[in-house]
Amino acid sequence: MKRIVFLDYIRIFACFLVMLVHASENYYGAAGSTDMVGPQSYLASEADRLWVSVYDGFSRMAVPLFMIVSAYLLAPMKEGQTMGQFYRHRFVRILPPFVIFMVLYSTLPMLWGQIDSATSMKDLSRILLNFPTLAGHLWFMYPLISLYLFIPVISPWLSKATAKEERFFIILFLVSTCIPYLNRFCGEVWGQCFWNEYHMLWYFSGYLGYLVLAHYIRVHLTWNRSRRLSVGIVLMVIGALWTIYSFYVQAVPGQIISTPELEIGWAFCTINCVMLTAGVFLIFSTIQAPSAPRLVTDLSKLSYGMYLMHIFWLGLWVTVFKQTLEFPTVAAIPCIAVCTFICCYITAKVISFIPGSKWIIG
């Protein structure tokens with residue numbers, strides 16, 4: 001398959017944003033947090049409040065961008081491809097590295113005292129159930145796997161659906177992304193109650209909406225480059241400001257705050273995050289270069305391995321820039337992210353020269 005250049009740029013951008021998110025999380029986790037924020041948040045100063053809101057808020061498009069890229073390439077399945085063939089091709093690529101890094105995150109941190117043997121054994125015993133204690137970023141793999149599992153199911157509909165029919169689905173998806181706000185201000189809605197979490201639009205919600213949106217953009221959206229750019233910029237600016245402000249207005253320094261409440265506008269399937277993600281995707285889609293520089297292609301190919309390993313490097317650079325050098329927050333967060341990104345690329349590149357490296361870094 002010929003590479004789609006703008007998708008390579010998106011992968012690299014999204015990969016870096018993931019690291020920027022996790023760098024930021026070291027500035028609002030309450031006591032007891034690891035390299036990522038826990039169930040409770042604490043902002044130490046106004047500077048932390050501002051720059052965490054800006055860096056982390058803007059970067060919340062990272063996960064949906066990865067979802068859209070996957071869907072853009074894979075949905076619907078190729079004509080003549082069976083469900084078994086699709087699953088084998090996708091899961092052979094992503095599952096072995098996923099399992100290897102689950103084992104690594106369950107064991108290697110014992111070497112520098114971040115976990116003890118009891119925690120290691122517990123994490124190893126639960127590998128089939130969930131991600132390890134220090135690998136919270138691996139939560140993303142489960143919805144990604146779920147999306148892959150569902151692509152063969154929805155492919156026949158996508159192959160036949162008209163633009164109007166897909167727009168109807170997307171509209172319902174967009175309404176569903178408002179439900180977190182409706183729940184905050186109006187309580188339970190559309191059938192929700194303590195014995196039923198499945199609201200009326202449940203089956204149009206979640207990452208499936210990004211899948212249909214990706215297909216609609218690829219197949220049905222006929223906007224020219226200028227319109228994609230202008231609409232993309234408007235959506236990005238509105239989505240970014242909304243996402244940033246939703247955190248800032250609640251993040252009062254010096255108070256312990258429930259992370260899920262604080263991050264209501266940072267959930268990946270909220271209307272503001274959809275606007276931010278769709279806007280940035282449209283902007284990148286205006287890239288019309290026939291090929292990308294070798295470094296861009298290389299980074300894109302290695303982005304999966306870089307994502308898997310980045311928490312190993314992140315903690316080191318947090319220690320350097322936050323604790324040792326005591327950089328101000330405005331500088332420390334991007335420095336942590338950039339250094340982590342560079343180290344992950346170098347590490348992944350070195351591993352790529354090992355025979356059979358695809359089983360380690362994809």
Side-chain angles (χ1 to χ4, degrees), residues 14-45 47-48 51-52 55-56 59-60 62-63 97-124 126-127 130-141 259 263 266 299 302-351 360-361:
C15 185
F16 175 73
L17 292 184
V18 167
M19 299 178 194
L20 194 61
V21 165
H22 294 149
S24 301
E25 289 189 6
N26 284 273
Y27 288 84
Y28 71 100
S33 298
T34 58
D35 293 323
M36 300 173 65
V37 73
Q40 292 187 318
S41 297
Y42 179 83
L43 281 298
S45 66
D48 288 356
W51 294 111
V52 167
Y55 289 133
D56 205 335
S59 302
R60 287 289 155 162
V63 164
F98 177 41
V99 173
I100 286 172
F101 272 90
M102 292 239 281
V103 172
L104 291 176
Y105 279 109
S106 299
T107 54
L108 284 187
M110 284 194 297
L111 297 178
W112 50 87
Q114 200 169 7
I115 60 173
D116 56 24
S117 58
T119 302
S120 175
M121 290 304 298
K122 180 182 177 182
D123 285 345
L124 288 169
R126 288 178 52 82
I127 275 182
N130 215 341
F131 52 81
T133 303
L134 296 181
H137 66 298
L138 296 183
W139 74 268
F140 164 76
M141 295 302 300
T259 302
E263 293 187 352
W266 284 5
L299 280 165
L302 295 173
S303 60
Y304 180 47
M306 292 167 64
Y307 152 76
L308 289 173
M309 71 177 66
H310 80 273
I311 294 297
F312 282 134
W313 283 109
L314 187 82
L316 167 65
W317 294 113
V318 168
T319 301
V320 170
F321 290 108
K322 183 181 180 182
Q323 299 172 14
T324 304
L325 299 179
E326 296 184 348
F327 272 28
T329 307
V330 62
I333 291 175
C335 284
I336 292 165
V338 168
C339 290
T340 300
F341 186 86
I342 293 171
C343 289
C344 288
Y345 171 63
I346 294 172
T347 306
K349 186 65 178 177
V350 171
I351 293 173
I360 305 172
I361 56 174

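Taking CH2 of Trp51 as the reference point, atom OG1 of Thr329 lies at 10.0 Å (rounded to 0.5 Å). A distance of 9.5 Å separates CE in Met309 from CG in Leu104, rounded to the nearest 0.5 Å. Taken from CD1 in Ile361 to CD1 in Ile100, the straight-line distance is 10.5 Å, to the nearest 0.5 Å. Residue Ile127 holds its CD1 atom at 13.0 Å from OH of Tyr105, rounded to the nearest 0.5 Å.
Smallest separation of non-hydrogen atoms from Leu20 and Ser59: CD2-OG, 3.2 Å. Contact between Ala62 and Ala14 at its shortest, heavy atoms only, is CB-O, 3.6 Å. Counting all heavy atoms, side chain and backbone alike, Trp112 lies closest to Leu108 at CZ3-O, 3.5 Å. Nearest heavy-atom pair, Tyr27 versus Val52, reported as atom, atom and distance to 0.1 Å: CB-CG2, 3.6 Å.
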Exercise. Run the side-chain contact (heavy atoms from CB on, under 4.5 Å) check on Leu124 and Thr107 step by step: do they pass?
Worked result: CA-CA 8 Å; Leu124 288 169; Thr107 54; 4.0 Å; yes

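Salt bridge status for Arg60 with Glu25: present, with a side-chain N to carboxylate O gap under 4.0 Å.
Glu263 places a side-chain heavy atom less than 4.5 Å from the side chain of Tyr28. Residues Thr133 and Lys122 are not in side-chain contact: their nearest non-hydrogen atoms beyond the backbone lie 4.5 Å or more apart. At least one side-chain heavy atom of Leu314 sits under 4.5 Å from a side-chain heavy atom of Asn26. Counting heavy atoms from C-beta outward, Asn130 and Trp139 have side chains that stay 4.5 Å or more apart. In this structure the side chain of Phe131 never reaches within 4.5 angstrom of the side chain of Phe98, judged on heavy atoms.
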Contacts under 3.5 angstrom, residues 36-45 side chains, donor-acceptor by atom type, not counting sequence neighbours:
unit_1 : atom_1 : unit_2 : atom_2 : d
Ser41  : OG     : Thr259 : OG1    : 2.7
Ser45  : OG     : Ala47  : N      : 3.4
Ser45  : OG     : Asp48  : N      : 3.1

Can I get a per-line list of side-chain donor-acceptor pairs under 3.5 Å for residues 337-348, giving both atom names and the distance, sequence neighbours left out?
unit_1 : atom_1 : unit_2 : atom_2 : d
Thr340 : OG1    : Ile336 : O      : 2.7
Tyr345 : OH     : Asp298 : OD2    : 2.7
Thr347 : OG1    : Trp313 : NE1    : 3.1
Thr347 : OG1    : Cys343 : O      : 2.7

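When ring centroids are compared, Tyr307 and Phe140 come within the 6.0 Å threshold.
Ring geometry for His137 against His310 counts as perpendicular: the plane angle is over 60°, on a 0 to 90° scale with 30° as the lower cut.
By the 6.0 Å contact criterion, CE on Met110 is enclosed, its count of non-hydrogen atoms from other residues, nucleotides or ligands being greater than 12.
One N or O on the side chain of Ser120 and one on the backbone of Ser106 form a donor-acceptor pair closer than 3.5 Å.
For the residue pair Thr119 / Asp116, a side-chain donor-acceptor distance below 3.5 Å is found, with atom types taken as modelled.
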